[in-house]
Amino acid sequence: MKKVLIIEDEVNLSNFIRLELEYEKHEVLVAFDGRDGLAKALNEKIDLILLDLMLPGLNGIEVCRRIRATKNTPIIMITARDSVLDRISGLDSGADDYISKPFQIEELLARMRAIFRRMESGSQSNHKLTYKDLEMDLEARIVKRENEIIELTKKEFDLLLLLMKNVNRVLTREVLLEEVWGYDALIETNIVDVYISYLRAKVDRPDQDSYIQTVRGSGYVLRK
């Protein structure tokens, strides 16, 4: 059983999700505005947060950012807005996944299960990974190159982690999308390209080839 916080100002939708999650044996807390939701997220031990983008008090982006300043609680952003820019804004603020209204409850439950699986597998992994002069501390969530800390967002960290766990293996955009964002939708794969460009800008050196290689027609890979 997991403890889930719903931060959603649509009372009917919030109650519907709460009932479905309680049926799945989860413990559920509910907040109807951003400030109350933020307080519950920071003061309670929560396993996962369902966070609406458009909220009174504080909007979902700001709530997400403030949570991420102190906690790594998984967050699924829920919103009626469905543009790529909105998705990237939500993910950049620290959300783990993104689902647009209207949605089927089965899809939401599947995305939650994917996040819980990643949490469990992550807790069993080694604490450090290295690739050439890159060092990744999984416990502290710190990446260094030549002992210089590289500031990464949560999604950038998770994407680099997957690549470093699969050195010499070409990962398709679909695989990266499924593993890092937790769902498979071909129309979303351009988000992967955007985040690869973010990573390259932070990890690479101007006078050297990129560590993250593009395999045309396939995906991306770190090669030794």
Side-chain angles (χ1 to χ4, degrees), residues 48 61 64-65 67-77 84-85 87-98 111 114-186 188-224:
L48 185 140
I61 297 293
C64 190
R65 286 179 178 149
I67 293 171
R68 279 290 168 263
T70 58
K71 288 191 170 185
N72 286 318
T73 310
I75 296 171
I76 298 178
M77 199 77 82
V84 171
L85 182 60
R87 292 169 189 239
I88 291 174
S89 296
L91 296 169
D92 273 348
S93 69
D96 296 85
D97 200 354
Y98 195 112
R111 295 190 185 199
I115 287 176
F116 292 143
R117 284 196 302 270
R118 291 199 297 275
M119 290 169 59
E120 290 166 4
S121 64
S123 66
Q124 299 168 1
S125 61
N126 294 328
H127 291 323
K128 289 189 177 181
L129 290 174
T130 58
Y131 170 78
K132 297 186 178 180
D133 57 357
L134 277 179
E135 181 180 296
M136 175 175 278
D137 186 324
L138 277 64
E139 199 167 54
R141 293 186 70 84
I142 291 174
V143 175
K144 296 180 180 179
R145 181 169 181 179
E146 297 176 344
N147 291 320
E148 179 184 343
I149 293 178
I150 301 171
E151 297 292 342
L152 299 179
T153 67
K154 186 175 187 302
K155 271 290 172 286
E156 291 165 355
F157 184 95
D158 292 343
L159 182 56
L160 182 60
L161 172 61
L162 186 59
L163 290 165
M164 289 181 66
K165 281 183 174 180
N166 292 276
V167 172
N168 290 328
R169 178 187 171 196
V170 177
L171 300 177
T172 66
R173 291 170 177 81
E174 291 77 17
V175 166
L176 292 169
L177 188 70
E178 171 67 23
E179 293 297 322
V180 176
W181 281 268
Y183 60 101
D184 181 18
L186 294 178
E188 308 291 351
T189 53
N190 58 332
I191 291 179
V192 175
D193 298 328
V194 170
Y195 274 80
I196 289 291
S197 69
Y198 290 165
L199 270 180
R200 283 172 169 161
K202 294 182 178 182
V203 169
D204 292 340
R205 297 289 187 260
D207 56 342
Q208 299 176 11
D209 291 337
S210 176
Y211 276 1
I212 306 172
Q213 298 182 25
T214 301
V215 180
R216 193 174 299 277
S218 297
Y220 298 98
V221 63
L222 296 179
R223 294 196 194 279
K224 285 189 176 178

Begin with the C-alpha distance, continue with both residues' side-chain angles, and end with the deciding distance and a verdict on side-chain contact (heavy atoms from CB on, under 4.5 Å) for N190 and R173. CA-CA 8 Å; N190 58 332; R173 291 170 177 81; over 6 Å; no
Check the pair D133, Y211 against side-chain hydrogen bond (donor to acceptor under 3.5 Å, both in side chains), reporting the backbone distance first and the verdict last. CA-CA 10 Å; D133 57 357; Y211 276 1; 2.6 Å; yes
Salt bridge between E151 and K202, side-chain N to carboxylate O under 4.0 Å? no
Minimum side-chain heavy-atom gap Q208-D204 below 4.5 Å: no
Validation row: L129, E135 side chains within 4.5 angstrom (heavy atoms): no
Does a side-chain heavy-atom distance below 4.5 Å link V221 with L163? no
Counting distance only, does the side-chain N/O of D96 pair as donor-acceptor with the main-chain N or O of I115 below 3.5 Å? no
Rounded to the nearest 0.5 Å, what separation is found between the CG atom of L177 and the CD atom of E179? 10.0 Å
Does the pair R205/E146 count as a salt bridge with the N-to-O cut at 4.0 Å? yes
Closest heavy-atom pair and its distance - G94, K154: O-CD, 3.8 Å
Under 3.5 Å, is there a donor-acceptor pair linking the side chains of R200 and S210? yes
Do the side chains of L152 and L199 get nearer than 4.5 Å, heavy atoms only? yes
L159 and its side chain to side chain contact (heavy atoms under 4.5 Å, CB included) partner, picked from V180, T153, L171, I212: V180
Greater than 12 external heavy atoms within 6.0 Å of R169's CZ: no
So how far is it from Y195 OH to L160 CG, rounded to the nearest 0.5 Å? 14.0 Å
Ignoring hydrogens, what is the shortest heavy-atom contact between C64 and A95? Give both atom names and the distance. SG-N, 3.5 Å
Closest non-hydrogen contact found for L134 with M164 is O-CE, 4.2 Å
side-chain contact (heavy atoms from CB on, under 4.5 Å) between N168 and K224: does it pass, once the steps are laid out? CA-CA 7 Å; N168 290 328; K224 285 189 176 178; 4.2 Å; yes
Check step by step if side-chain contact (heavy atoms from CB on, under 4.5 Å) holds for L222 and Q213. CA-CA 6 Å; L222 296 179; Q213 298 182 25; over 6 Å; no
Electrostatic pair R141:D137 at N-O distance under 4.0 angstrom: no
Under a 4.5 Å cut-off applied to non-hydrogen side-chain atoms, are R68 and I75 in contact? yes
Tell me whether E148 at atom CD has more than 12 heavy atoms from other residues, nucleotides or ligands lying less than 6.0 Å away. no
In this structure, are over 12 heavy atoms from other groups packed under 6.0 Å from D209 atom CG? no
Given I76 and Y98, is the side-chain contact (heavy atoms from CB on, under 4.5 Å) satisfied, shown in steps? CA-CA 5 Å; I76 298 178; Y98 195 112; over 6 Å; no
Answer yes or no: is there a side-chain heavy-atom contact under 4.5 Å between K144 and I150? no
Picking from V215, I196, V170, T172, what satisfies side chain to side chain contact (heavy atoms under 4.5 Å, CB included) with Y220? I196
Taking the side chain as everything from C-beta on, heavy atoms only, tell me whether Y131 gets closer than 4.5 Å to M136. no
